[in-house]
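Residue numbering restarts at 1 for every chain, and letters A, B, ... go by the order of the sequence lines.
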Number of protein chains: 2
Amino acid sequence: MTTATARRTPADKHDERRRALADSALRTLGELGYARASLREIANNSEFSHGVVHYYFQDKLDLIVYCVRQYKATCVHRYDGVVAEASTPVGLVEAFADKLVETIVDEAPMHRLWYDLRSQSMFEESLREAVLQIDQTLEDMIWRVISTYAGLAGKEPAMTPHVAYGLLDGLFQQALLGHLCRREGVLDDLRAQVVELMPVLLAP
Amino acid sequence: MTTATARRTPADKHDERRRALADSALRTLGELGYARASLREIANNSEFSHGVVHYYFQDKLDLIVYCVRQYKATCVHRYDGVVAEASTPVGLVEAFADKLVETIVDEAPMHRLWYDLRSQSMFEESLREAVLQIDQTLEDMIWRVISTYAGLAGKEPAMTPHVAYGLLDGLFQQALLGHLCRREGVLDDLRAQVVELMPVLLAP
DNA sequence: GAGTTCTCTGGACAACCGTCAAGATTTTCC
DNA sequence: GGAAAATCTTGACGGTTGTCCAGAGAACTC
């Protein structure tokens, strides 16, 4: 009770603990993937013991889904700055492409985890609700970029948000795999690809 | 030795056995995914016992990689007919879009397995070589469609094979997930999306 | 048809998994 | 400060996994 930050209720503390545990789990999940990250390994890479997981989460799937949702929350506003600070169409596109590249460099483990989970949801029905929600959020995020870009260019988007997201996601996924394989030039390629693709997404 | 087909060497028979085992394994893998398909489950869904796997394959990963390569071989010529029979640009595009939809309907388990394995290769380095090879083969397959399409239309492709494949793969993956979630209209959407996208892939 | 090689079975193994619960430890509250 | 509630540790459990192996069975050679 010595600091001003100690004014939290027990429920808040409980949530805070869940977040901390999920944070540790995300690191391990990003390193090992969904299948090979055991609860013991997750706990080992954290300050907790392996039994505490079932105090804060019902089971492994509950933990995973919570982790994924938490990751979504930190991820969804990554391009807000790009949108806010852009003043020209070309400037927006280049800042966006740079940010995509930066994302791959800085957060490759998190994103391979995301693709892992999305693939798992094709088999595991209980993952689908969370995955579809996150996918929708990412689509919205991309759409904020594209509609802003269209506004700056004085044109209309030529595609639905869903299609635009699907196209960009395809390129991003390809670049992520290439980056993890330490292929030369994939990041520059991605930047160039995005700069070239974005005008195509607008109606002439 | 009563039939004409019995003229195989022991080595051939060994390979044939490997193929049969891999065939069974592919079915189970398509149903359960890479992580949850155990060797026992794979053997149970086949005519073999679980011990025989290590007679024909070094370990689980060896089996998986062999399966993936075998799947590639059956998959890589799926669109050859479309390319061969097309006589007009629009006809090619529509036949191609139809075939993509048919692929999702008929072979959803195989394709979710493919995306599962590609995601796993982001974590497991030993999978990458096979995955990159297959990805390249699929890219070549797509490129045969697109370059034929460009020829029929009397234009030039506006993108590299890599980019074109990335874009289409993004849409395909999205549609596959939607199909597995039993979303209404995803297949019709995919068809329309492809028909709309293909002209964009050509230079004006 | 005996002997050799190939093929396959089924059980055993050590390791690991998710889950749980009993009890130790800490925190909270009066 | 002591009771009550919360948080956490530790060890155990039943089950599953990949792998290995001794030996049964089949196929082939001479």
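- A cation-pi contact links A:Arg18 to A:Tyr66, judged by a cut-off of 6.0 Å to the six-membered ring centre and 45° from its axis.
- Taking both residues in full, the closest heavy atoms of B:Asn45 and B:Ser24 are given as O-OG, 4.0 Å, listed atom of the first, atom of the second, then distance.
- Remark: A:Val83 engages A:Val145, A:Thr148 in a side chain to side chain contact (heavy atoms under 4.5 Å, CB included) (not counting sequence neighbours).
- Close to D:dC8, at under 4.0 Å from its OP1 or OP2, lies a side-chain N or O of A:Arg17.
- In the set C:dT19, D:dT9, C:dC8, the nucleotide with an atom closest to the side chain of B:Val52 is C:dC8.
- Distances shown here put every side-chain N or O of B:Ser38 at or beyond 4.0 Å from the OP1 or OP2 atom of D:dT16.
- Among the atoms of the strands shown, base atoms are found under 4.0 Å from some heavy atom of A:Arg40.
- Along DNA chain D, the nucleotide closest to A:Tyr55 and the one closest to A:Gly51 are compared, and the more 5′ of them pairs with A:Tyr55.
- Summarising the geometry, the separation between CD on B:Glu41 and C1' on D:dG18 is reported as 15 Å, rounded to the nearest angstrom.
- Distance A:Tyr56 OH to C:dT19 P: 18 Å, rounded to the nearest Å.
- The residue B:Phe57 sits apart from the nucleic acid: no heavy atom pair falls under 4.0 Å.
- Separating the CD atom of B:Gln58 from the C1' atom of D:dT19 is a distance of 12 Å, rounded to the nearest angstrom.
- One interatomic measurement links the two molecules: NE2 of B:His14 to P of D:dC28, which rounds to 15 Å at whole-angstrom precision.
- Rounded to whole Å, atom P of D:dT19 lies 5 Å from atom CG of B:Asp59.
- Between A:Glu102 and A:Lys99 there is a salt bridge, since at least one side-chain N of the basic residue sits less than 4.0 Å from a carboxylate O of the acidic one.
- Atoms CG (A:Leu39) and C1' (C:dC16) sit 12 Å apart, rounded to a whole Å.
- For the pair A:His54 and B:Ser49, both in contact range of DNA chain C, the more 5′-proximal nearest nucleotide belongs to B:Ser49.
- Closest to the side chain of A:Lys60, from the set D:dG18, C:dT19, D:dC8, is C:dT19.
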Q: Please report the C-alpha distance between A:Asp169 and A:Arg118 in whole Å, then the side-chain angles of each, then the deciding distance to 0.1 Å, and finally whether the salt bridge (charged side-chain N to carboxylate O under 4.0 Å, His left out) criterion is met.
A: CA-CA 12 Å; A:Asp169 189 57; A:Arg118 200 169 66 177; 2.7 Å; yes
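- Here the side chain of A:His50 is nearest to one of C:dT19, D:dG18, C:dG11, namely C:dT19.
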